[in-house]
Amino acid sequence: MPIPLLWPSSPNPGTVNLVLALGDVYPALHAAGVNDLIFWTNDELYTFLDEAVQRLARIVGCFTERDTSITTVLNTGTYALPTDQIATVQADLDGVILRPRTVHELEALDVGWPSTVGSTEAFAQDVQGTAEITLYPACNAGSAGLTLGLVLHVLPSTINASSASLGVPTCIRDYFTFRTLAAARGKQSKAEMPDVAQWFTGLGDWMEQIMTELWGEAS
């Protein structure tokens with residue numbers, strides 16, 4: 001099981017097939033394949049994989065997408081974000097990038113900012129929580145009816161036997177193997193190996209540090 005030494009500069013092209021990651025897990029659990037597992041089920045291993053994916057998505061900014069599903073509405077400043085959104089990296093209105101602001105900054109700029117209508121120039125995400133984005137000022141006639149483009153950190157879909165591919169660099173496949181083995185050897189059973197689980201956990205933590213340095217945090 002190789003430890004990656006060379007990393008891409010950005011989390012772009014590449015697809016990781018997590019079925020292959022499980023192919024690395026089986027021998028480490030003394031199994032020739034799915035039918036040879038004794039202390040774990042294949043469904044459990046996929047659950048461990050999914051937990052690793054969801055964990056990584058909340059820590060490292062390697063799961064991103066651009067969303068253009070929102071159209072602005074006259075006199076409206078608050079819009080619901082996609083349900084898989086973790087954090088907003090960038091917002092633009094009809095291609096013009098909006099400046100990120102906090103509620104504290106908006107209050108300093110404009111005491112009546114929640115009801116201000118005008119040419120939208122900024123956005124905030126700490127007004128109603130991460131489920132919504134607030135545009136400032138709320139859209140006037142010139143800002144309404146335009147596409148709100150968002151670059152988002154997102155949670156990937158649930159990993160299972162029928163959906164086991166991720167659009168991330170192939171060099172991080174071992175991360176999912178390590179996390180799955182840590183969970184498997186940490187499970188209470190006759191095959192439990194706390195020291196081995198801790199070792200694989202350490203490898204996963206180490207890879208997260210490297211990925212965070214390369215691609216930033218997810219939030």
List the atom of [X], the atom of [Y], and the distance in Å for their closest heavy-atom pair.
X: Asn17; Y: Arg173; answer: O-CD, 4.2 Å
X: Trp40; Y: Leu45; answer: CB-CD2, 4.3 Å
X: Thr78; Y: Thr134; answer: OG1-OG1, 3.6 Å
X: Phe176; Y: Val53; answer: CE2-CG2, 3.6 Å
X: Val103; Y: Trp113; answer: CG1-CZ2, 4.1 Å
X: Pro137; Y: Ser119; answer: CD-O, 3.2 Å

Is any side-chain heavy atom of [X] less than 4.5 Å from a side-chain heavy atom of [Y]?
X: Phe39; Y: Lys190; result: yes
X: Gln125; Y: Leu81; result: yes
X: Asp92; Y: Arg66; result: yes
X: Leu22; Y: Tyr46; result: yes
X: Leu135; Y: Thr76; result: no
X: Asp24; Y: Thr180; result: no

Look up atom [atom1] in [X] and atom [atom2] in [Y], then write down how far apart they are to the nearest 0.5 Å.
X: Trp199; Y: Phe178; atom1: CH2; atom2: CZ; answer: 6.5 Å
X: Thr177; Y: Leu203; atom1: OG1; atom2: CG; answer: 11.0 Å
X: Trp215; Y: Ile59; atom1: CH2; atom2: CD1; answer: 13.5 Å
X: Thr64; Y: Gln90; atom1: OG1; atom2: CD; answer: 11.5 Å
X: Glu105; Y: Arg99; atom1: CD; atom2: CZ; answer: 7.0 Å
X: Arg185; Y: Phe48; atom1: CZ; atom2: CZ; answer: 11.5 Å

Could you check whether atom [atom1] of [X] has more than 12 heavy atoms from other residues, nucleotides or ligands sitting under 6.0 Å from it?
X: Glu192; atom1: CD; result: yes
X: Glu217; atom1: CD; result: no
X: Arg58; atom1: CZ; result: no

Kindly determine whether Val73 and Tyr79 satisfy side-chain contact (heavy atoms from CB on, under 4.5 Å), including the steps that lead there.
CA-CA 9 Å; Val73 178; Tyr79 300 85; 4.1 Å; yes
Would you kindly say whether Tyr26 and Asn35 are connected by a side-chain donor-acceptor distance under 3.5 Å?
no
Please determine whether residues [X] and [Y] belong to a single hydrophobic cluster, defined as Ile, Leu, Val, Met, Phe, Trp and Tyr linked transitively by side-chain heavy-atom distances below 4.5 Å.
X: Ile70; Y: Ile97; answer: no
X: Val168; Y: Trp206; answer: yes
X: Val19; Y: Leu56; answer: yes
X: Ile38; Y: Val34; answer: yes
X: Leu109; Y: Ile133; answer: no

Any sub-3.5 Å donor-acceptor pair from [X]'s side-chain atoms to [Y]'s backbone N or O?
X: Thr71; Y: Leu146; result: no
X: Gln54; Y: Pro156; result: yes
X: Asp36; Y: Ala31; result: no
X: Glu44; Y: Thr41; result: yes

What donor-acceptor contacts under 3.5 angstrom involve side-chain atoms of residues 148-155, with partners at least two apart or in another chain?
none

With sequence neighbours left out, the residues meeting side chain to side chain donor-acceptor pair (under 3.5 Å) with Ser143 are Asn140
Under the side chain to side chain donor-acceptor pair (under 3.5 Å) rule, collect the residues that match up with Ser69, sequence neighbours excluded.
Asp67
Test log, rule salt bridge (Lys or Arg N to Asp or Glu O under 4.0 Å), inputs Arg179 and Asp205:
CA-CA 9 Å; Arg179 286 292 181 199; Asp205 291 347; 2.6 Å; yes
Should Leu166 and Ile159 be marked as a side-chain contact (heavy atoms from CB on, under 4.5 Å) after you check the CA-CA gap, both sets of side-chain angles, and the distance that decides it?
CA-CA 9 Å; Leu166 288 175; Ile159 297 300; 4.0 Å; yes
